[in-house]
Colleague: 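Let me begin by handing over the structure; questions about it come next.
Every chain is numbered from 1 and lettered A, B, ... according to where its sequence line falls, protein lines coming before strand lines. Values below: every heavy atom of this structure, side chains too, minus hydrogens, waters and symmetry copies.
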Amino acid sequence: MNKDAQLRHSINQKLIENGERDRLKELLRTKLIECGWKDQMKAHCKEIIRQKGLDHVTIEELVTEITPRGRALVPDSVKKELLQRIRTFLGKNSII
Amino acid sequence: MSSAGCVHLSSLKQEAHWKQSVRLIHQWFVCCGSLEARKRKARSCVCHLCGAHFNRLHSCLSCVFFGCFGRRHIHEHAKTKRHPLAIDLYHGTIYCFQCQDYVYDRDCELIAREEQRKAWRLQGAAGWYTNWEPTRRELELLRQNPKRRKIAPNSTIGLRGLVNLGNTCFMNCIVQALTHTPLLRDFFLSDRHRCAMESPDSCLVCEMSRLFQEFYSGFRSPHIPYRLLHLVWTHARHLAGYEQQDAHEFLIAGETRDDNGKKGTHPNHCNCIIDQIFTGGLQSDVTCQVCNGVSTTIDPFWDISLDLPGSSSSFWPLSPNSEGGGITNGEKHAPTGTVPLTSPTSLTDCLRRFTRPEHLGSSAKIKCSGCHSYQESTKQLTMKKLPIVACFHLKRFEHSAKLRRKITTYVSFPLDLDMTPFMASSKESRMNGQYQQGDSLNSENKYSLFAVVNHQGTLESGHYTSFIRQHKDQWFKCDDAIITHASVRDVLDSEGYILLCPLSCARFVFECRG
């Protein structure tokens, strides 16, 4: 494992141990619902399923198809807020 | 997935201990309540083939194996070992590699939900935030009544005037504010109130529930709240009659003596929804001036009553070198009695005053538990626990021995308010020298304004109206039976009397299923 991956790994461990990861997940979920991201994605999924027909679409195909759009549609403010939360968390909890 | 379900899961469910293993995976790797479980999850949740902790990790249901979905390592395992089922470790859903789809199984979903609830309880989060799931009876009702109403950004559903029944604007303005409290709305519209009273006819919360039905029924004609008024009169006798009443008193009456008569027997342990969302904890530290010993008490509160500049109370204004002054954002305060015209008093100023140390004076000596004698002391209030919905009450009506009057000083208030500086925890870290200016992006202690109650007129005769926020940022003015659009400026420039703000991070999102 290179240094970068190692650091990611230990940050992730710390976040899980403290329960912060679950809190971040809840925060993200709330933010994405609030800003309408969830509704947009739901509409997008419905559209794809309607085009292909319910019996001709698998979850894997659906995930591959919507992922790029899903990532692009997350507002910058939401990304910033989460990044800030993680930064604050790391400031309070020394890693390594 | 076919409607018949997954045959592979069905055959797994024939095994003796399948429930136990699903439950264990949930407890230890999906939603961990205990620290021990989280530590284990942090250590062992990696792909057994590539070591990654991301890429949608799944756990095999037949043996101990974690693999990532993104690089198809769990697929590989499923194929070589012929273990067709795996649990997604992020969401707890079960995937079948034979059917190539997630499986929705009633038993598994129940286990997942139970474990999720347990974990939340262990972590101290309230379980009543969960999404609404229709029961069998509700599904039946939905089938029988196929007409649906959808909420569009410009719809005015939920806005309804209230007829004034003779000086009842004190009630109307509060009812408007309460019926637009997002958490209360979600609570009552999802039919969560279970009345424990012998005669539901005299239950105020049942009446609230009916009011919500009226408000969101789609009718546009003003509602006549005679039932509510009658209940209020029988519950809170001091508000009965056709004289003018105080809106704040009504709110308190509604908050503290509502359902089930529980309040009478256990004054601090009422579990009704109103109590759950409005109750906070106020910490009071009394410091002895001789031995510096601190005695701390924590009391519940339902609103924060703030003194205003111009009141005859002797503690206004702030002296700049008091401890509370250290938390200003570089704002200047005139040390003399006058507040400069350029910067009107803000809600933050009032809060700062509320939470600064106050000398109790030589006439109010308190017995110190440290030095066992009656000594002069200082008292400081801080927020120990923030309520989910904060109610700020600006003391505009002064009733002292000398005079009775209304204080009309303008107090500016923000749309978003950060309570971090007024928390007991902030005070502690300030005293240890650790306090830093809170970063503006941290939303844990942030409130956002959603209702303002105003009073026009004088102490003797006046009128109450309220501003309420609908959707995300639309404001409406409710003046008894008349509801009009208002701008944010109208709201912020108004002479606020009661301000209601929910925590912005409280999960009040109401899921509309379409």
Colleague: Is the shortest heavy-atom distance from the side chain of Arg56(B) to the side chain of Val63(A) under 4.5 Å?
Modeller: yes
Colleague: Please look at Asn18(A) and chain B and tell me whether the side chain, the backbone, both or neither of the residue comes under 4.5 angstrom of a heavy atom of that chain.
Modeller: backbone
Colleague: Do Glu20(A) and Arg38(B) come close enough that some side-chain heavy atom pair is under 4.5 Å?
Modeller: no
Colleague: Evaluate whether atom NZ of Lys79(A) has more than 12 neighbouring non-hydrogen atoms of other residues, nucleotides or ligands under 6.0 angstrom away.
Modeller: yes
Colleague: Applying side chain to side chain donor-acceptor pair (under 3.5 Å), name anything that partners Asn12(A), two or more places apart in sequence or on another chain.
Modeller: Arg21(A)
Colleague: Hey, could you give me the CD/OH distance between Glu60(A) and Tyr102(B), rounded to the nearest 0.5 Å?
Modeller: 8.0 Å
Colleague: Return all side-chain donor-acceptor pairs below 3.5 angstrom for residues 39-50 of chain B, not counting sequence neighbours, or 'none' if the list is empty.
Modeller:
unit_1   : atom_1 : unit_2   : atom_2 : d
Lys41(B) : NZ     : Phe29(B) : O      : 3.4
Lys41(B) : NZ     : Val30(B) : O      : 3.2
Ser44(B) : OG     : Arg40(B) : O      : 2.6

Colleague: Taking atom CD as the centre, does Glu47(A) end up with more than 12 heavy-atom neighbours from other residues, nucleotides or ligands that are less than 6.0 angstrom away?
Modeller: yes
Colleague: So, using side chain to side chain donor-acceptor pair (under 3.5 Å) as the criterion, who are the partners of His8(B) when residues are at least two apart?
Modeller: none
Colleague: Suppose a student defines contact as a heavy atom less than 4.5 Å from any heavy atom of chain A. Which residues in residues 66-74 of chain B would they list?
Modeller: Phe69(B), Arg72(B)
Colleague: Measure Tyr90(B) against the heavy atoms of chain A and call it side chain, backbone, both or neither at under 4.5 Å.
Modeller: both
